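A short worksheet on the structure shown next.
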Amino acid sequence: MSVAMTAAAPQISIRRLWKSYGERVVLENLSLDVHAGEFVSIVGASGCGKTTFFRMLLGEEQPSRGEMLLDGKPWPQEPGADRGVVFQRYSVFPHLTALANTRLFLEVSGAPLLARLFGARRRAADERAMAMLEAVGLADSAGKYPHELSGGMQQRLALAQSLVAQPKILLLDEPFGALDPGIRADMHALMKSLWQRHRFTVFMVTHDIEEGFSLGSRLLVFDRVRNDPQAPQRYGARITYDLPLRTDP
Amino acid sequence: MKRLVNQRPSRGAALLLAALPFIVLFALYLQASAERHLENPEDRLLPGISQLVAGVNQVAFEEDRRTGEVILWVDTLASLERLAWGVGVSALFGIVFGTLAGMLPLARAPLSPFVSVLSLVPPMAILPILFIVFGLDELSKIVLIVLGVAPFIIRDIQSRVLEIPVEQLVKAQSLGMSSWQIALRVVLPQVTPRLVDSVRLSLGSAWIFLISAEAIAAEQGLGYRIFLVRRYMAMDVILPYVAWITLLAFVMDRLLAWGNRRAFGWLYTGRKAEEGA
């Protein structure tokens, strides 16, 4: 598998990327190639630029220097439907039922002006949304509002909502960080099977190293290598380890 | 014996305690009224029950000799119409400009400072200007309510929109939603129940502006009537009018709260769930 993947051009290509806020350097000289279908876990101490990097992948932040390419084109300057996202919290809409949350992408892509579907198109969208809810094990809760769902179920819903859009890349920011250990294990299994079935690229930021090892096909460790005690803002973080992982269970 | 901070009234006791201030106030009034009537049976300052009943009867159930209309209903209708227009237009401004200022940094830059300054202008101070510009008719009264209430609602809605977690807005964009679609499907549905709350809070000041405007220039209206009969010290009309206005305000507030609860169940059960957690 790895041979086939390295033969193709990388989906994501990052060259000599720097990010700084004024004097403060957050990321320095990052270079990285990621192929379609990789599951990249990102770990590192807090304040080491994981989140900044994540926000750049989303398009919320732009690099200060360097190059970021998606399929050979400059990285989009804002979030878009090619990159799905699940945050630790607030990833679903509290005023919509599970079904309506999942259907939302189909409605907004099918009706630019009203952002709602009616009649046969609505029924078709409901069917697709239900199938996705079934895939994440939420078919019985389709009519419930997010606050009626447990933390784990809310994250399942957030996944379903993103996957309906069939994103090329799925961005996960500590998606299971707020869950109980047992539920987290269930979510890992679900995440793995969804990834193996749909083969989208995944970036997952986590501070649970074990989770990073067990879930990804590749592990990136972000850390500050150089440190000047006189000027702690002088140096940013780099990728200190880039480990390929065995993905088969 | 539990600490005072842990002692709660039972249901019945709570009802009784709620009624207590009203009963005390009413008793004190009757007492004072009786004392004044002992000295002067014709006293008009603190009318007794029979005088009040006669006053209510005269304004609420008998046709006016001059116009042939029942005064209270004419006044109520006129006032409620002005109030509805004023508050309605304010709510419309509030949801439109508040959402714009909350969602779009480009709209916030010019709107937010302007609305903040506007909300500091005392509306009563520019009432003369309104009378000069818009005349003494309905329009100037409605504009007064709008000027007094709309800036508050706009600012309230703006801050409510800004309270929506940024994660939700990023998620919406990651579903490919345009700014218009985000407004339609994400922001407005979550802000509408807040608008109703905001309107409830501003009803009190809307009444103040309404009655003030009516007191100065009107031919009918609840505020107009109170200030008109003041000349004859007709407390037997003023007191029922005040009670009637209070009742109207109370009913409006309850109706809005009830409607909000019914229409936006997701919000209220959500709040309960968060409090329970």
Side-chain angles (χ1 to χ4, degrees), chain A residues 54-55 57-61 76-97 100-116 144-151 154 157-158 161-171 173-174, chain B residues 95 98-100 102-107 157 159-198 259-277:
Chain A
F54 186 84
R55 286 164 57 85
L57 292 173
L58 262 176
E60 273 192 289
E61 300 267 356
Q77 306 255 314
E78 57 180 3
D82 51 350
R83 286 151 296 142
V85 63
V86 174
F87 295 102
Q88 184 170 2
R89 289 188 66 189
Y90 306 122
S91 295
V92 291
F93 301 110
H95 59 291
L96 299 177
T97 61
N101 261 297
T102 314
R103 190 178 58 213
L104 190 58
F105 167 77
L106 302 171
E107 293 197 276
V108 299
S109 57
L113 197 62
L114 289 178
R116 280 177 195 281
K144 287 188 175 164
Y145 286 100
H147 65 80
E148 296 171 296
L149 303 175
S150 68
Q154 286 186 22
L157 176 58
Q161 184 181 39
S162 286
L163 292 183
V164 165
Q166 297 180 310
K168 282 190 259 187
I169 303 171
L170 187 60
L171 301 168
D173 186 9
E174 310 252 2
Chain B
I95 196 83
T99 306
L100 278 173
M103 273 188 77
L104 309 176
L106 281 178
I157 294 300
S159 62
R160 297 297 177 188
V161 173
L162 287 169
E163 272 172 23
I164 294 177
V166 70
E167 285 91 340
Q168 274 191 35
L169 302 178
V170 173
K171 177 85 188 199
Q173 295 178 60
S174 83
L175 297 174
M177 295 173 80
S178 65
S179 302
W180 164 250
Q181 290 179 326
I182 294 174
L184 212 58
R185 295 299 313 266
V186 176
V187 173
L188 285 175
Q190 294 192 67
V191 162
T192 310
R194 317 286 186 182
L195 174 73
V196 178
D197 279 342
S198 198
N260 223 12
R261 226 163 252 270
R262 276 193 64 106
F264 305 103
W266 61 268
L267 178 67
Y268 290 91
T269 43
R271 270 187 200 159
K272 235 184 280 165
E274 257 169 48
E275 279 161 16

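Predicted model only: the values in this text are computed from it and were never measured. First the proteins, then the strands, lettered A, B, ... as listed; each starts at 1.
- By number of non-hydrogen pairs under 4.5 angstrom with chain B, the leading residue of A:Gly59, A:Pro79, A:Gly84, A:Pro167 is A:Pro79.
- In this structure, the side chains of B:Gln190 and A:Pro94 come closer than 4.5 Å at one or more pairs of heavy atoms.
- Considering CZ of A:Arg83 and CD of B:Gln173, their distance stands at 9.5 Å, rounded to 0.5 Å.
- A:His95 contributes no side-chain N or O that, together with a main-chain N or O of B:Phe264, makes up a donor-acceptor pair within less than 3.5 Å.
- Here the side chain of B:Gln181 pairs no donor or acceptor atom with the backbone of A:Leu113 at under 3.5 angstrom.
- Under a 3.5 Å cut-off, the side chain of B:Lys171 and the backbone N or O of A:Val85 do form a donor-acceptor pair.
- The local environment of CD in A:Gln166 is sparse, with at most 12 non-hydrogen atoms from other residues, nucleotides or ligands closer than 6.0 Å.
- Most heavy-atom pairs under 4.5 Å with chain B, from the set A:Pro112, A:Ala165, A:Pro146, A:Ala111: that is A:Pro112.
- Interatomic distance, A:Phe87 CZ to B:Ser174 OG, rounded to the nearest 0.5 Å: 7.5 Å.
- Highest contact tally toward chain A, considering only B:Leu184, B:Ile164, B:Val170, is held by B:Val170 [criterion: heavy-atom pairs under 4.5 Å].
- Heavy atoms closer than 4.5 Å to chain B are found in the side chain of A:Glu60, but not in its backbone.
- Atom CE of B:Met177 is separated from atom CG of A:Leu104 by 4.5 Å, given to the nearest 0.5 angstrom.
- Considering only heavy atoms from C-beta on, A:Val92 stays 4.5 Å or farther from B:Gln168 through its side chain.
- Interface residue A:Tyr90: backbone and side-chain heavy atoms are both found under 4.5 Å from chain B.
- With a threshold of 4.5 angstrom between heavy atoms, A:Val164 does not approach chain B through any atom at all.
- Both the backbone and the side chain of A:Ala158 have a heavy atom closer than 4.5 Å to some heavy atom of chain B.
- For A:Ser162, the parts lying near chain B are the backbone and the side chain together; criterion is any non-hydrogen pair under 4.5 Å.
- How far OG of A:Ser109 is from CG of B:Leu175: 9.5 Å, rounded to the nearest 0.5 Å.
- Not a single donor-acceptor pair under 3.5 Å links the side chain of B:Glu167 to the backbone N or O of A:Ser91.
- Two residues are said to be in side-chain contact when any heavy atoms from C-beta on lie closer than 4.5 Å; A:Arg116 and B:Arg185 meet this criterion.
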